[in-house]
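Small disclaimer: the values here were computed from a predicted structure and weren't measured. A, B, ... follow the sequence lines: proteins, then strands. Residue 1 opens every chain. Side chains included, hydrogens not; waters and symmetry mates left out as well; all remaining heavy atoms used.
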Amino acid sequence: MCGRYSITSAPEAIRRLFATTNDLINFAPRYNFPPTAQGPVVRRHPDTGKRTLDLLRWGLVPVWAKDMSGAAKCINARGETVATLASFRSAFKKRRCLVPADSYFEWKALPDKSKQPYAIGYEEGADPMAFAGLWEGWKDPASGEGGEWIHTFSIITTEANPLTAPVHNRMPVILAPDHWPAWLGEVEASVEELQALLKPAPVEGMRVWPVDKRVGNVRNDDIELLKSITSQRK
DNA sequence: CCAGACGTTGTT
DNA sequence: GTCTGG
DNA sequence: CCAGACGTTGTT
DNA sequence: GTCTGG
């Protein structure tokens, strides 16, 4: 799940919602945000303890990776196993983040082998969601001393809730604001407590609506992609 | 000990 | 980096 | 996640 | 069929 989403809220609105304190970065709305693109992520600075909003690349590259060839494979991390798997356990302990999103897309497989894309999000006017994420820093070993750090992130998934299950069996972990401090590491939380946050979001306020198949092509990135092709919501 | 892997999704 | 398999 | 490519040689 | 790019 969750190989495409939208992040259309203005940088200033995201900064306000997440109370980040670094200089405001600018980024254009993305109606069809794909793996390997740079998107806004909320983290806690390990030294200052302040929340920051930065652009990271979607597709976690573990520190020990020899190259970036496997990057697009770690766009998601299963909540059931993040605490122990080699690619994620270090980030799970020390580099958790929030990924702001306004909706995400799922492709429902139809009996005729075709696929119908759906957008999933909260009712109109709601705040952006915060996906539970992990991030990593990676430096190309081939680049030597002058190499630049590349920062990447992954979105944690869990079982679908009853509303989204008909479309797809997995969904991103959506954290409510009162869980942000624990997830970001601002307040102490045990592995068990953190793991307990990785569960399906309640269906209250959520919406699922079919959208145009143009969303399949990452080159399409316009507001029409978020409109329902039937009559519900947007 | 060294070598090699390290991931998710969907579909069958 | 760290665990697993041989 | 989907869309799109999937190859070599030599020469510039 | 399977990998790469976005």
Side-chain angles (χ1 to χ4, degrees), chain A residues 1-7 27-40 55-95 99 101-121 129 131-141 147 149-150 152-160 164-173 191 198 200 208-222 224-226 229:
Chain A
M1 112 24 55
C2 208
R4 214 75 70 77
Y5 64 95
S6 76
I7 174 63
F27 47 88
R30 293 298 306 263
Y31 305 94
N32 190 15
F33 183 86
T36 73
Q38 300 264 329
L55 294 177
L56 277 68
R57 185 185 200 270
W58 188 14
L60 187 144
V61 178
V63 274
W64 39 259
K66 293 178 187 69
D67 53 53
M68 291 192 59
S69 59
K73 292 178 179 168
C74 295
I75 61 173
N76 294 141
R78 292 176 61 87
E80 296 89 333
T81 51
V82 270
T84 52
L85 290 185
S87 294
F88 303 123
R89 60 192 167 212
S90 159
F92 178 77
K93 274 186 217 149
K94 291 179 282 188
R95 286 177 299 281
V99 182
D102 291 283
S103 64
Y104 66 94
F105 298 103
E106 295 288 7
W107 283 259
K108 178 176 182 160
L110 301 177
D112 67 353
K113 306 275 169 92
S114 68
K115 291 173 180 177
Q116 174 59 50
Y118 288 81
I120 300 169
M129 297 175 273
F131 294 154
L134 303 174
W135 67 275
E136 273 291 359
W138 180 82
K139 205 178 206 178
D140 189 347
W149 284 97
I150 295 176
T152 60
F153 71 96
S154 187
I155 293 170
I156 299 181
T157 64
T158 184
E159 298 176 325
T164 63
V167 172
H168 195 81
N169 66 333
R170 305 285 296 175
M171 73 183 293
V173 172
V191 169
L198 307 181
V208 179
W209 65 101
V211 294
D212 197 284
K213 287 184 175 157
R214 284 193 311 119
V215 75
N217 192 326
V218 299
R219 288 175 304 195
N220 296 322
D221 186 19
D222 58 85
E224 298 297 314
L225 299 178
L226 289 178
I229 57 172

Send over the distance from A:K108 NZ to D:dC1 P, rounded to a whole Å.
-> 17 Å
Atom CE of A:M171 and atom C1' of D:dC1 are separated, to the nearest Å, by 16 Å
By centroid distance (under 5.5 Å) and plane angle (under 30°), are A:F105 and D:dC1 in a stacked arrangement?
-> no
How close or far is atom C1' of D:dC2 from atom CH2 of A:W58, stated in whole angstroms?
-> 12 Å
Partners passing salt bridge (Lys or Arg N to Asp or Glu O under 4.0 Å) against A:R30 (at least two apart in sequence or in another chain) | A:D221
In a check of side chain to side chain contact (heavy atoms under 4.5 Å, CB included) between A:F88 and each of A:T81, A:I156, A:V82, which one passes?
-> A:V82
Rounded distance (Å) that lies between atom C1' of B:dT11 and atom CG of A:N169 | 11 Å
In whole angstrom, give the distance that lies between atom CG of A:N32 and atom P of D:dA3.
-> 10 Å
Indicate yes or no for a side-chain donor-acceptor contact from A:K108 to the backbone of A:P166 under 3.5 Å, with no hydrogens or angles considered.
-> yes
Among B:dT9, D:dC2, B:dT8, the one nearest any side-chain atom of A:L85 is B:dT8
Pairwise C1' distance, D:dA5 and B:dA5 [rounded to whole Å] | 28 Å
Could you work out the separation of B:dT9 and D:dC2 based on their P atoms and round it to a whole Å?
-> 13 Å
Rounded off to whole Å, could you give me the CD1-to-P distance for the A:I155 and B:dT9 pair?
-> 11 Å
Options B:dT8, D:dC2, C:dG1, nucleotide nearest the side-chain atoms of A:A86 = C:dG1
N/O donor-acceptor pair under 3.5 Å between A:N76 side chain and A:C2 backbone = yes
Would you kindly give the CD-to-C1' distance between A:E106 and D:dC2, to the nearest whole Å?
-> 13 Å
Shorter than 3.5 Å, N or O on both sides, protein versus nucleotides 2-6 of chain E: list them out with atom names.
unit_1 : atom_1 : unit_2 : atom_2 : d
E:dG6  : N7     : A:T36  : OG1    : 3.2
E:dG6  : N2     : A:R4   : NH2    : 3.4

Is C:dG1 paired to anything, Watson-Crick or G-U wobble with both distances less than 3.5 Å, and if yes, which nucleotide?
-> B:dC6
Which whole number of Å gives the distance between the C1' atom of B:dT8 and that of E:dC3?
-> 15 Å
Side chain of A:S154, backbone of A:I75: donor and acceptor closer than 3.5 Å?
-> yes
Are side-chain heavy atoms of A:W58 and A:F153 found at a separation under 4.5 Å?
-> yes
Please report, rounded to the nearest Å, how far the P atom of D:dG4 is from the CZ atom of A:R214.
-> 14 Å
Given B:dT9, is OP1 or OP2 found less than 4.0 Å from the side-chain N or O atoms of A:R78?
-> yes
With respect to the side chain of A:N217, which nucleotide from D:dG4, B:dT8, B:dC6 is positioned closest?
-> D:dG4
Given the C1' atoms of B:dC6 and E:dG6, what is the spacing between them in whole Å?
-> 24 Å
Taking A:Q116 for its side chain and A:V211 for its backbone only, find out whether a donor-acceptor pair lies under 3.5 Å.
-> yes
Looking only at side-chain atoms of A:W107, point me to the closest of B:dT12, B:dT11, D:dC1.
-> D:dC1
Quick one: which of B:dT8, B:dT12, C:dG1 gets closest to the side chain of A:K113?
-> B:dT12
